[in-house]
Amino acid sequence: MQNFTKRFNRYKYPYMFIAPALLLLLTFSIIPIIIALVISFTNIDLAGLANYSNIEAVGFDNFMNVFKDPVFLKSLYNTMFYVIIGVPLVVMLAMGAALLLNYGTGWLFKTFRVVYYMPSITNIVAVAVVWGYLYNSHYGLFNHMLSWFGIPAQQWLNDPTLAKLSLILLAVWKSIGLNMIIFLAALQGIPRSYYEAAEIDGASKWKKLIYITVPLLSFATFFVTITTLIGWIQFFEEPLVMTKGGPLNSTMSMALFIYNNGFQLSNFGYAAAGSFVLFFIIIVVTILQFAVKRKDVEY
Amino acid sequence: MLAALMVFSAVLAGCSGGSEKADEGSKGKQELKVWLMGDETDETLIKQYEEKNPGVKVNVQSIPWGSAHDKLLTAVASKSGPDVVQMGTTWIPEFAQAGALLDLTPYLDQYPNLKPENYFDGAVQTMSYDDKIVGIPWYVETRVLFYRTDILAEVGYPEGPKTWDDMKDAGQKLAARGNGNYAITIDAKDMNYLSMFAWQNGSAMIDENRKPHFNEPEYMGAMEYLKSFYDTGMTPLASDLDLFAAFKDGQFPMFISGPWMIQGVKDKAPEIEGKWATTTLPAKETNTSFLGGANMSVFSSTKNADEAVKFISFMSEQDSQLTNYDVSKNLPAIKSAWEDKRFEDPIFATFGKQLEHAQPVPFIKEWDAISQEAIGAFERIAVGGADIKTEMDQLNAKATEILSK
């Protein structure tokens, strides 16, 4: 005990320094997660919330039922669809935009940094209104543009497959900006000397890009991939504001499924079970990523 | 750390500052916390009430409908709700069952305004849960048929279709115009819409013994009738036409909706003034419409129950109901208010007539969950081309499961 006090005294200041962050993390993340875990084994609903004596433990029922729920399985498939198409697109386009913008420093380049970043800081509801009009099958700009080439009008948000792609397009457009900034920062951190050495050796622009820039961006790429992946597994706002999961649940994502069950239907226990499945998937995917990540490139 | 602490204390100061200010305003006065739903609330009635009751400060908070359900959940969970709350009628069973709404039965003798006989039959059905009066109708709404008199006259129905067969006949003639012209919109995402047709065909959907009747001819017939609208081109499978523009241009010469559309049509399509009207819904067995609206309830966590009930009683007076109609166009829930000359305009009078044949959705807390399933089933039938009988058997099984939980 004395030993403990002594050690605590010794590290008192470091502990105090991390205390605020730790406290915030505990109250707003860790404790809620633990509560959610407990809830996922109960049948808590609104009546349970008002009076705790109405809550019953149901064991693994919620988890069993969620995997029998066709809507949940569909949302699982849809989420996979979003991630597989969306994440590579975001990483590639963000990197591409950053590389292009890094070629110059003139006012045009600076303006375009703002232009690309703008969608990230625009409120999703405002975005949804505008994109809703773009996608409108009667008055929408997209269908109008298609009509110039004689292509028939598309049901952007009403066709089950096309609706998923429309949401991906919107989400990609929205998330390029933030990731582009990360890539830009990483690009500025690559020492000029590598390029100079390569130039002396007569390397072409393309070779410099492939052998110097892209490998040295690997840490930024890794970071962007992980954050984007986690973000996309929790794909939520876009289907909520654009389609509410329709048509025929074809745009229902896991996060939206959880929201609907938890906040629309008040099946908190069931929703908590769903969110733990989601939690588990995110953990597994992230661990996998760390496992397959190659060692940092050192020159 | 210091910085963090400073931020903390600043935040805390911000919070406490806010509440102090609220207290100051009501010093020496009794404060009544009222939650009203909607994006903005007209405070005319609140001011009137404060004038009549100088000892009371009414603290109104308007909550957008979209976030109201979440907000009510939080209030129940934290047991710190308002005193008076406006409830969407379909939410009442859920919250009443959770014990969040105070039983108002003991107050009825003292405040005769609250007695059920003042209200439309349909509205009375939303007042009680488990034999307790938990909500007093505040305003009502019902759905009627809006139609273009000129276009319907061309196909031989200047008064609008009176029966399901008329509707079908008129609809097919209207659809035959082609060129992106249809007959009517179907709001298939709204269970209230599907319910109206089910009732008209004689289906109760869920009976008093909590038994679902979805896979029976009455309900299936209604779904089949609606599906035929899509099959015959009366209604497009997917449409994001702007309803006002389409009504004006005649693409949709008919639609079924509520009183809030009247002002919309007047404002957004002034060109067709005099060329449109409202009428009661076409009948099959009945012409039952959906009765919705909002009730006023007292949260059971309140400490000023007496004051809260008094406030509700004031809001239920005929004058208050008419004032509410004037400022926000919400239709009065008390029957006597409809004798007022404001409702002589035939476009509005239709609503009064329809209210006599309107009912709320089944008053059970599982209704939301069941209606999600029913909407999904209809979507699979209408858009996905699934077999009606199979879907309805599944729906019935699912509903039975939800109800037996």
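All chains are named by letter (A, B, ...) in the order of the sequence lines, taking the proteins before the strands, and each is independently numbered beginning at 1.
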| Hey, which of B:Asp368, B:Asp242, B:Ile375 has the most heavy atom pairs under 4.5 Å with chain A? | B:Asp242

| field | Cation over ring face, B:Lys79 and A:Tyr52, 6.0 Å, 45° | value | yes

| remark: Most contact-rich option vs chain A, by heavy-atom pairs under 4.5 angstrom, among B:Val76, B:Val383, B:Leu73, is B:Leu73

| request: Please flag which part of A:Pro247 lies under 4.5 Å from any non-hydrogen atom of chain B: side chain, backbone, both or neither. | output: both

| task | Establish, yes or no, whether a centroid distance under 6.0 Å links the rings of A:Tyr133 and A:Tyr139. | result | no

| task | Tell me, out of A:Asp159, A:Asn267, A:Asn158, A:Asn43, who's got the most heavy-atom pairs with chain B below 4.5 Å. | result | A:Asn158

| field | chain A contact via B:Gln372 - which portion, at a heavy-atom distance below 4.5 Å | value | side chain

| said: Side chains of B:Lys389 and B:Asn215 only: does a donor on one sit below 3.5 Å from an acceptor on the other? | reply: no

| Heavy-atom proximity to chain B below 4.5 Å, by part of A:Tyr259 | side chain

| message | Please tell me whether B:Trp65 and B:Trp35 form a close aromatic pair, meaning their ring centres lie under 6.0 Å apart. | response | no

| message | When you compare the side chains of A:Asp69 and A:Tyr270, does any donor N or O come within less than 3.5 Å of an acceptor on the partner? | response | yes

| Do B:Glu366 and B:Arg210 sit within salt-bridge range, that is, some charged N less than 4.0 Å from a carboxylate O? | yes

| task | Heavy-atom distances under 4.5 Å only: say whether B:Ala100 touches chain A with side chain, backbone, both or neither. | result | neither

| said: Counting only non-hydrogen atoms closer than 4.5 Å, does B:Asp70 touch chain A with its backbone (N, CA, C, O), its side chain (CB onward), both, or neither? | reply: side chain

